[in-house]
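Remember, it's 1-based here, ligands and their atoms both numbered in the order they're listed.
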Amino acid sequence: MTSREPVGPIARPGDAIGILGGGQLGRMLAMAAAEMGLDVHIFTPEHDSPASRVAAKTWVAKFDDQAALKEFAASIVAATIEFENVPVAATDLIESAGKPVRPNGRTLGRAQDRLAEKTFFRDIGIEPAPFERVDGPDDIAPALEKLGGDGVLKSRFSGYDGKGQVRLKGNVPKTAWADVGAGPSILEAWIAHECEISVVAARTASGEFVGFDPPENDHSGGILRRSTFPASAPKPVLDEAMRMTRKLADALDYVGVLALELFLTRDGRLLANEFAPRVHNSGHWTQDACRTGQFEQHIRAVCGWPLGDPARWADGEMINLLGEDAYDWERHLVGGAKLHLYGKRAAADGRKMGHVVKLKPRT
Ligand code: ATP
Ligand code: MG
């Protein structure tokens with residue numbers, strides 16, 4: 001497919017690129033960009049953010065502060081995002097100032113609304129978990145019945161780490177609608193899966209596509225705890241997962257790194273859960289176990305540079321350090337484990353504070 005994005009380098013060493021969002025993904029992207037001679041400017045509403053402390057410059061302002069966005073846009077050659085809920089109006093404003101935003105607002109819009117996302121999956125021939133639209137509390141029970149009585153109600157907008165979700169089994173508790181924020185939602189069939197895998201891959205404006213070996217992901221309470229690489233699923237399944245991801249990236253005319261989260265069902269089918277238009281927690285190990293990590297790969301794609309070699313030279317696992325787990329950081333400084341901490345000041349319950357990557361020789 002022909003790209004609507006400019007092809008070729010749009011940033012050179014010495015240039016500044018912008019990142020919308022100031023969390024740990026922005027921090028790791030900024031460090032990768034620095035290794036390639038680029039400056040990073042962060043735009044975030046958060047004071048003292050993890051990314052701002054490794055960046056050349058930071059704008060602390062709300063995403064609807066047009067004057068600040070214009071100033072930010074004038075200071076950079078191109079921008080990217082580090083969390084998918086950046087308002088599309090903000091990326092549009094940067095684009096209209098003549099600075100490409102990768103991935104673009106059209107893609108972000110699709111990822112921000114679970115209904116649009118899953119409808120898009122269907123439209124391009126990627127099978128999502130069965131779902132029904134829920135616009136009010138009275139829609140829940142009929143939708144649950146249609147889906148076989150076992151499901152999960154998810155708010156369409158602004159969910160992350162399992163927030164805004166309620167598991168429904170058989171009956172609908174009175175609080176369900178309020179628990180997802182009493183707003184537009186979807187009900188998804190509960191998938192009794194063999195395992196969860198994800199594909200983290202990069203695509204350039206010229207259509208070059210490169211994927212990392214898919215990891216297997218363990219969640220509990222809706223939060224990723226551990227990614228094991230490579231996934232234990234058979235090769236044809238992993239190849240199919242890669243084909244699905246390429247189809248998605250091509251259909252979006254995507255530029256940058258994206259992740260597709262998939263369920264492998266007990267009868268061997270792959271169903272799409274969701275996609276993330278950004279670097280992904282389940283890809284954090286790539287910077288320690290692959291020739292090119294996901295953060296460098298994303299910066300290369302954003303800048304219009306050729307992609308790097310994603311070859312993996314080790315097996316292993318990535319373990320998230322959540323909340324107070326991070327206070328035990330010293331115990332991970334042993335035996336070749338690689339510790340990454342995000343510099344967050346306070347360890348709230350379930351908050352992603354860092355991760356550890358443990359490697360062993362490739363089998
Ligand atoms: P994140 O943005 O952190 O990936 P999220 O809030 O968007 O999370 P989901 O990816 O929708 O949430 O769900 C989080 C986890 O909950 C999934 O990875 C999976 O383990 C479980 N889960 C969600 N939906 C289903 C489902 N339909 N069937 C079985 N498990 C599910
Ligand atoms: Mg998810």
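Closest to atom 21 (C) of ligand 1 among all protein heavy atoms lies Trp190 CH2, 4.3 Å. Remark: minimum distance from atom 8 (O) of ligand 1 to any protein heavy atom is reached at Asp161 N, 3.3 Å. The closest protein non-hydrogen atom to atom 25 (C) of ligand 1 is Phe263 CZ, 3.4 Å. For atom 6 (O) of ligand 1, the nearest protein heavy atom (residue, atom name, distance) is Gly162 N, 2.7 Å. The single protein non-hydrogen atom nearest to atom 2 (O) of ligand 1 is Glu274 OE2, 3.5 Å, given as residue, atom name and distance. Atom 14 (C) of ligand 1 has Gly222 O, 3.7 Å as its closest protein atom, hydrogens excluded (heavy atom only). Looking only at heavy atoms of the protein, atom 13 (O) of ligand 1 is closest to Gln165 NE2, 3.7 Å. Nearest to atom 28 (N) of ligand 1 among the protein's heavy atoms is Ile191 N, 2.9 Å.
The pair Arg156-Asp113 counts as a salt bridge, with a side-chain nitrogen and a carboxylate oxygen less than 4.0 angstrom apart. Taking 4.0 Å as the cut-off between side-chain N and carboxylate O, Asp161 and Lys352 count as a salt-bridged pair. Under 4.0 Å is where a charged nitrogen must lie from a carboxylate oxygen, and between Lys62 and Asp64 no such pair does.
The neighbour count for Arg362 CZ, taken as heavy atoms of other residues, nucleotides or ligands under 6.0 Å away, is above 12.
Remark: Leu93 CG to Gln66 CD distance equals 5.5 Å, nearest 0.5 Å. The distance from the CG atom of Leu248 to the CG atom of Leu258 is 5.5 Å, given to the nearest 0.5 Å.
Atoms of ligand 1 lying under 4.0 Å from at least one heavy atom of His193, given by number and element, are 29 (C), 30 (N). Those atoms of ligand 1 that come under 4.0 Å of a heavy atom in Glu261, given as number and element, are 4 (O), 10 (O). Listed by number with element, the atoms of ligand 1 under 4.0 Å from a non-hydrogen atom of Asn273 are 9 (P), 10 (O), 11 (O), 17 (C), 18 (O).
Here the side chain of Gln24 pairs no donor or acceptor atom with the backbone of Pro50 at under 3.5 angstrom. Distance alone, capped at 3.5 Å, places no donor-acceptor pair between the Lys118 side chain and the Phe131 backbone.
Between Leu147 and Pro130, the closest heavy-atom pair is CD2-CB, 3.8 Å.
Under a 4.0 Å heavy-atom criterion, Gly151 is not in contact with ligand 1.
Considering both main-chain and side-chain atoms, Glu196 comes within under 3.5 Å of ligand 1 through a nitrogen or oxygen pair. Of the polar atoms of His219, at least one N or O is found under 3.5 Å from an N or O of ligand 1, judged by distance alone. In terms of N/O distances under 3.5 Å, ligand 1 is approached by Ala189.
With contacts defined as side-chain heavy-atom distances shorter than 4.5 Å, the pair His284/Phe295 qualifies.
Residue Ser227 forms a side-chain hydrogen bond (donor to acceptor under 3.5 Å, both in side chains) with just one option from Thr286, Asn320, Asn281, Asn217, and that option is Asn217.
The residue from Arg114, Lys352, Lys163, Lys154 that puts a heavy atom closest to atom 24 (N) of ligand 1 is Lys154.
With respect to the Mg ion (ligand 2), Glu261 has OE1 as its nearest N, O or S atom.
Under 4.0 Å from ligand 1, not a single heavy atom of Ala192 appears.
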